[in-house]
Amino acid sequence: MRIGKVIGTVTLGKIHPDLRSGQLKIVVPLTFNDLVGDEPVYVKNDYTASTVEHSFQEKVLKSRGTELVVYDELSAGVGEWIAFSEGAEAAMPFYPDMKPIDAYAAAIIDSLEIDQGAVQELCRFSK
């Protein structure tokens, strides 16, 4: 399972009949550094939500990964974070039916709390 940010929607003239119940979204996978950055990810007293979002937008645009198309039955909007699975796991929610998809939006992320102690431990062991 990976975390990504929805940046757009795919519009098709004709869609496969098995995909009619959902939408296809363009998603940028977020890296570990996108989520934690060089500084702790939390809102300080002197930051507003828009300041934090603007800072995050700049960081994602600089370090973004390759976009991919994700099948979405949850109706995630542009700008929202989603958890998505890829490959064979993406088709598992539909088993035994088959759907022609490579990535599936499993959840919309309302909030994400990152334990800075755990981040420091991961960074310490990865050096």
Side-chain angles (χ1 to χ4, degrees):
M1 184 93 34
R2 295 170 66 191
I3 296 175
K5 185 170 183 174
V6 177
I7 62 167
T9 302
V10 177
T11 303
L12 301 172
K14 188 172 184 179
I15 192 165
H16 192 282
D18 290 341
L19 300 179
R20 291 199 187 280
S21 62
Q23 300 172 332
L24 298 175
K25 302 294 172 93
I26 302 170
V27 175
V28 174
L30 301 178
T31 65
F32 179 75
N33 288 334
D34 290 334
L35 297 173
V36 300
D38 297 329
E39 296 182 20
V41 179
Y42 56 87
V43 178
K44 297 179 182 176
N45 291 336
D46 58 338
Y47 288 158
T48 64
S50 62
T51 304
V52 172
E53 178 63 18
H54 178 69
S55 172
F56 179 77
Q57 289 285 355
E58 287 179 353
K59 191 168 34 167
V60 169
L61 290 175
K62 289 178 185 172
S63 63
R64 63 195 277 181
T66 302
E67 298 88 355
L68 66 142
V69 176
V70 176
Y71 181 69
D72 173 31
E73 292 182 310
L74 305 172
S75 299
V78 172
E80 290 188 298
W81 289 11
I82 62 168
F84 64 94
S85 58
E86 298 174 274
E89 291 82 13
M92 291 311 292
F94 310 106
Y95 186 79
D97 296 334
M98 300 295 285
K99 286 205 186 255
I101 60 172
D102 291 324
Y104 174 75
I108 297 174
I109 299 173
D110 291 326
S111 64
L112 181 66
E113 184 176 326
I114 298 173
D115 181 352
Q116 292 303 316
V119 169
Q120 290 172 357
E121 286 294 311
L122 284 171
C123 292
R124 188 171 64 102
F125 288 114
S126 66
K127 290 182 181 179

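For reference, positions follow the sequence shown, starting with 1.
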Does [X] belong to the same Ile/Leu/Val/Met/Phe/Trp/Tyr cluster as [Y], with side-chain heavy atoms less than 4.5 Å apart forming each link?
X     : Y      : result
Val78 : Ile109 : no
Val70 : Leu24  : no
Val6  : Ile26  : no
Ile7  : Val10  : yes

Could you pull out the closest heavy-atom pair between [X] and [Y], with the gap in Å?
X      : Y      : result
Leu68  : Ala103 : CD1-CB, 3.8 Å
Pro29  : Arg2   : CB-NH2, 3.0 Å
Ala76  : Ile108 : CA-CD1, 3.8 Å
Ala105 : Asp72  : CB-OD1, 3.8 Å
Ala83  : Met1   : CB-SD, 3.6 Å

Side-chain touch [X]/[Y], heavy atoms, less than 4.5 angstrom:
X      : Y     : answer
Lys25  : Ile82 : no
Tyr104 : Glu73 : yes
Ser21  : Tyr71 : yes

Which residues pass the ring-ring contact (aromatic ring centres under 6.0 Å, His included) test with Phe84, sequence neighbours left out?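 Applying ring-ring contact (aromatic ring centres under 6.0 Å, His included) to Phe84 gives none.
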